[in-house]
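These notes concern the structure reproduced below.
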Amino acid sequence: MRIAKRIIPAFTACAAAGWLVIAGSPAQADIVHPDPETAKSSGILVQAQPSALSCTYKVRNVRKSSFLNVRKGPGLKYRPVGRLTVADGRFAGACSPSGHWVEVESGNGERGWVHTHYVRRLPAAADAPSNLPELSCAYRLRHVRKSSFLNVRKGPGLHHRRIGRLRVSDGRFLGACDSTRGWTAVKAANGRSGWAFTHYLRRVA
């Protein structure tokens, strides 16, 4: 009986975290091609109201070889839509949690919810833009499929964290008139300003 009592709490903690051991690290890419949704949910799931992801977080209490599930809604009954690892570094999330869950952007760019026990909110200074120029020109996406999206990053390079994304369906969006080392400052669909790879942008009148 003593052994059983020790095992059950440990198993419950792992289930709440939603992580699995020996998870592979995600590939570095700025164009993301999400797979179509094939899983059908059973029962009625109430989708939470989307919120602005204007704060910054890091994963905590998760081993480097594991990952944290990002779920469709704020609870374990919702299916996973993505995941986060320690290697992902900083990522965007809502500033106010809903109970013990907070909405975030997962490693594949999908929005979802994670338990607040496994994420740590960073100071506001970590969320400041990286020397963004004036966004006075208009752009559209190019070389990006309708089912995909383009990551918008905090700085001009793949080593900077994702702070938003752009889709073909977003239409025109604001950006800087000049590029920096192949990157252009733009405004993402969530209203945050960052940097996108210029190759995937087309300047319009």
Side-chain angles (χ1 to χ4, degrees), residues 3 5-35 37 39 48 51 53-130 148-165 183 188 190 192 194-197:
I3 295 176
K5 288 181 179 179
R6 293 177 182 174
I7 294 176
I8 291 173
F11 177 81
T12 304
C14 292
W19 45 260
L20 301 177
V21 179
I22 314 177
S25 58
Q28 279 275 21
D30 247 29
I31 288 293
V32 182
H33 307 293
D35 295 327
E37 295 185 1
S51 55
L53 305 184
S54 53
C55 284
T56 309
Y57 291 84
K58 274 191 173 185
V59 171
R60 67 172 180 176
N61 300 326
V62 176
R63 290 178 297 177
K64 292 182 179 180
S65 59
S66 306
F67 61 83
L68 174 67
N69 272 329
V70 178
R71 298 184 177 275
K72 183 74 172 178
L76 289 176
K77 65 180 180 180
Y78 295 92
R79 65 178 178 83
V81 296
R83 63 188 186 183
L84 288 165
T85 67
V86 175
D88 288 329
R90 298 175 180 178
F91 52 90
C95 295
S96 300
S98 177
H100 295 294
W101 294 79
V102 63
E103 191 173 10
V104 299
E105 183 179 35
S106 67
N108 63 2
E110 292 294 326
R111 290 169 66 119
W113 296 76
V114 295
H115 198 282
T116 53
H117 177 71
Y118 300 101
V119 293
R120 175 172 62 91
R121 181 174 165 181
L122 301 179
D127 205 41
S130 301
S148 306
F149 59 85
L150 176 68
N151 280 323
V152 177
R153 298 182 177 273
K154 184 179 178 182
L158 287 174
H159 61 283
H160 292 280
R161 66 179 180 84
R162 296 177 295 268
I163 61 170
R165 60 187 179 183
W183 292 77
N190 61 4
R192 301 182 67 187
W195 298 79
F197 197 51

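If you're wondering where the values come from, they're calculated on a predicted model, not measured in any experiment.
Between G164 and A188, the shortest heavy-atom distance links the atoms CA-CB, 4.0 Å. In plain terms, the two heavy atoms of F149 and E110 that are nearest each other are CE2-OE2, 4.4 Å. Summarising the geometry of T85 relative to S66, their closest heavy-atom pair is CG2-O, 3.9 Å, with the distance given to 0.1 Å. Between F91 and V119 the shortest heavy-atom distance is CZ-CG1, 3.8 Å. Smallest separation of non-hydrogen atoms from I163 and G194: CD1-CA, 3.7 Å.
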T116 and R121: side chain to side chain donor-acceptor pair (under 3.5 Å), yes or no, with the steps? CA-CA 9 Å; T116 53; R121 181 174 165 181; over 6 Å; no
Determine, step by step, whether R79 and V81 satisfy the side chain to side chain contact (heavy atoms under 4.5 Å, CB included) criterion, reporting the C-alpha distance in whole Å, the side-chain angles of both residues, the deciding distance to 0.1 Å, and the verdict. CA-CA 6 Å; R79 65 178 178 83; V81 296; 3.5 Å; yes
Show the numbers, then the answer: is there a ring-ring contact (aromatic ring centres under 6.0 Å, His included) between W183 and F197? CA-CA 5 Å; W183 292 77; F197 197 51; 5.4 Å; yes
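Using a 4.5 Å cut-off on side-chain heavy atoms (C-beta onward), R162 and K154 make no contact. Side-chain contact check for W101 versus L76: some heavy-atom pair is nearer than 4.5 Å. Residues Y118 and L84 are not in side-chain contact: their nearest non-hydrogen atoms beyond the backbone lie 4.5 Å or more apart. Side-chain contact check for V70 versus R111: every heavy-atom pair is 4.5 Å or farther apart.
In this view, H100 and H115 satisfy the ring-ring contact (aromatic ring centres under 6.0 Å, His included) rule, not counting sequence neighbours. Under the side chain to side chain contact (heavy atoms under 4.5 Å, CB included) criterion, R60 pairs with R120, not counting sequence neighbours.
In this structure a side-chain-to-backbone donor-acceptor pair under 3.5 Å is present from N61 to H117.
Because its NZ or CZ atom is not both nearer than 6.0 Å to the ring centre of Y78 and within 45° of the ring axis, R71 does not count as a cation-pi partner of that residue.
Among D88, V104, V86, V114, the one residue that satisfies the side-chain contact (heavy atoms from CB on, under 4.5 Å) test with L68 is V114.
Residue pairs meeting the disulfide bond (SG atoms under 2.5 Å apart) criterion with at least one partner in residues 75-107, sequence neighbours excluded, are C55-C95.
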